[in-house]
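Working notes for the structure below.
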Amino acid sequence: MQQVSHHGRQTAYECTDRGGDGPTVCYVHGSGGTKDVWKSQHRLADRTPVVTLDLSGHGDSDDVDASGGYTALSAYADDVIAVATETDSQVLVGNSLGGALVLHVLLERADEFSPAAVVLTGTGARLGVLDDLREWLASDFERAIEFLHGPDRLFHDADPELVEHSKEQMRACGQAVTRRDFETCHAFDVRAELGEIDVPTLVVYGEADMLTPPRYHEFLADGITNARAVKIDDAAHLSMLERPAAFNDAVSGFVESIGE
């Protein structure tokens, strides 16, 4: 594990490089997660250097004093920009909240960091959260965790051990930080701004995802000028964990096409 200092805090990241000659790719996790959600993407390090990070308050990174919404979005974007700059990353990949952060960087922070291409997965231009889930995140964290791990939410038909590990990761992240993440998602809406994005974009989605359904991804692909979408069969929100081979094929093929 490595760390970068910025804005008075330390953000943890991991970099795997097995001599691949492709551009460095930085992966950004979603709500209540850590860099471990990208464990299977380190397999791509023989093609492109792989960077994964923990957002503030997650995993091994210092927390930040930020409330849910734009304040947290901006602070998390600071984390992404700091790590991407430190590692000379050229491609950003974002899942769920991480996808919102990638979109935020493209639309509002391009003067600080401008990726050559991006991958958006399990995300949307708007990420409204169900009122019931917001209530459970505030008052009954365990019920929120069970809801998120219900059928076709985070997973479609994953190994039970993978599902249990995901629950433990969310518990370790904690109620306060996870709630902040989802409140940040709930406030996020860039539907009217997608046409301003002009970098090559790959949109990857699980066909069974009920948290960010296929139509969210179709909206992204239609609204961003240079974008295309790829469906991952037999997967839901965390297709990179549930169907890593298919996900990796989609990402590596896209990154190679950018190089060409």
Check: Asn226 and Asp198 side chains under 4.5 Å, non-hydrogen atoms: no
Aromatic plane relationship, Trp38 with Phe247 - under 30° parallel, 30 to 60° tilted, over 60° perpendicular: tilted
NZ/NE/NH1/NH2 to OD/OE distance under 4.0 Å, Glu112 and Arg109: yes
Candidate pair Ser56 and Asp79, rule side chain to side chain donor-acceptor pair (under 3.5 Å), full reasoning: CA-CA 7 Å; Ser56 290; Asp79 301 334; 2.8 Å; yes
Transitive ILVMFWY side-chain link Val28 to Val190, under 4.5 Å: yes
Row check, Phe147 ring normal vs Arg153 NZ/CZ: under 6.0 Å, within 45°: yes
Check against side-chain contact (heavy atoms from CB on, under 4.5 Å), Leu220 and Leu194: CA-CA 7 Å; Leu220 289 170; Leu194 291 183; 4.0 Å; yes
Test side chain to side chain contact (heavy atoms under 4.5 Å, CB included) applied to Ala84 - qualifying residues, sequence neighbours left out: Ser89, Leu92, Phe113
Val91 vs Val118, side-chain contact (heavy atoms from CB on, under 4.5 Å): CA-CA, chis, key distance, verdict: CA-CA 5 Å; Val91 180; Val118 301; 5.8 Å; no
Salt bridge Arg179-Asp181, side-chain N to carboxylate O under 4.0 Å: no
Reported CG-to-OG1 distance for the pair Asp54 and Thr34, which is rounded to 0.5 angstrom: 5.5 Å
Spacing of CZ belonging to Arg126 relative to CG belonging to Leu103, to within rounding of 0.5 Å: 14.5 Å
Joint cluster assignment, Ile258 & Leu106, ILVMFWY side-chain distance < 4.5 Å: no
Side chain proximity check, Phe254 to Val119, heavy atoms < 4.5 angstrom: yes
Residue pair Thr184 / Leu97, side-chain heavy-atom distance below 4.5 Å: yes
Centroid-centroid distance, Tyr27 to His42, less than 6.0 Å: no
In one Ile/Leu/Val/Met/Phe/Trp/Tyr side-chain cluster, 4.5 Å: Phe188, Phe182: no
Shared hydrophobic cluster for Leu148 and Phe155 (ILVMFWY, side-chain gaps under 4.5 Å): yes
Over all atoms of both residues, closest heavy-atom pair of Leu55 and Ser61: O-CB, 3.5 Å
Contacts of Glu218 that satisfy salt bridge (charged side-chain N to carboxylate O under 4.0 Å, His left out) - sequence neighbours left out: none
Donor-acceptor contact below 3.5 Å, side chain Thr178 vs main chain Gly174: yes
Flag, side chain of Thr201 to backbone of Val199, donor-acceptor distance under 3.5 Å: yes
Pro214 side chain reached by Glu207 side chain, heavy atoms, under 4.5 Å: no
Between CG on residue Asp209 and CG on residue Leu154, distance to nearest 0.5 Å: 8.5 Å
Within one Ile-Leu-Val-Met-Phe-Trp-Tyr cluster: Leu127 and Leu211, side-chain cutoff 4.5 Å: no
Salt bridge (charged side-chain N to carboxylate O under 4.0 Å, His left out) partners of Arg180, counting only residues at least two apart: Asp63
Reported OG1-to-CD distance for the pair Thr48 and Gln41, which is rounded to 0.5 angstrom: 10.5 Å
Side chain proximity check, Thr121 to Ser239, heavy atoms < 4.5 angstrom: yes
Nearest heavy-atom neighbours spanning Asp46 and Arg43: OD1-O, 3.3 Å
Min side-chain heavy-atom separation Gln175-Leu137 under 4.5 Å: no
Donor-acceptor contact present, side-chain Ser252 to main-chain Asn248, <3.5 Å: yes
OG1-CD distance between Thr87 and Glu14, expressed to the nearest 0.5 angstrom: 12.5 Å
Heavy-atom closest contact (Ser96 atom, Gly30 atom, distance): CB-CA, 4.2 Å
Matching residue for Gln90 among Pro115, Pro49, Cys26, Pro23 - test: side-chain contact (heavy atoms from CB on, under 4.5 Å): Pro23
Minimal non-hydrogen separation, Pro244 against Ser40, with atom names: CB-CB, 3.5 Å
Verdict with supporting geometry, His58 and Tyr76, ring-ring contact (aromatic ring centres under 6.0 Å, His included): CA-CA 11 Å; His58 303 71; Tyr76 291 158; 5.7 Å; yes
Identified side chain to side chain donor-acceptor pair (under 3.5 Å) counterpart of His6 within the set Thr11, Asp78, Thr85: Thr11
Close side-chain approach of Arg171 to Glu142, heavy-atom, < 4.5 Å: yes
Trace of the side-chain contact (heavy atoms from CB on, under 4.5 Å) decision for Phe219 with Val203: CA-CA 10 Å; Phe219 187 88; Val203 180; over 6 Å; no
Check: His186 side chain, Val129 main-chain N or O, donor-acceptor pair, under 3.5 Å: yes
Option from Lys35, Gln10, Gln2, Gln3 for which side chain to side chain donor-acceptor pair (under 3.5 Å) with Asp60 holds: Lys35
Exam field: side chain His29 to backbone Gly98, donor-acceptor pair closer than 3.5 Å: no
Ser139 and Glu135: side chain donor to acceptor below 3.5 Å: yes
Crowding at NZ, Lys167 (>12 non-hydrogen neighbours, <6.0 Å): yes
Leu202 side chain near Arg228 side chain, heavy-atom distance below 4.5 Å: yes
Over 12 non-hydrogen atoms of neighbours within 6.0 angstrom of CZ in Arg9: yes
Gap separating the NE2 atom of His156 from the CG atom of Leu238, nearest 0.5 angstrom: 13.5 Å
Shortest non-hydrogen contact from Asp233 toward Arg243: O-CG, 3.6 Å
Pair Tyr13-Glu86, side-chain contact (heavy atoms from CB on, under 4.5 Å): steps then yes or no: CA-CA 10 Å; Tyr13 69 93; Glu86 179 74 10; 3.6 Å; yes
Shortest non-hydrogen separation from Pro151 to Met210 and the atoms involved: O-SD, 3.9 Å
Cationic N near anionic O, under 4.0 Å, Glu196 to Arg191: no
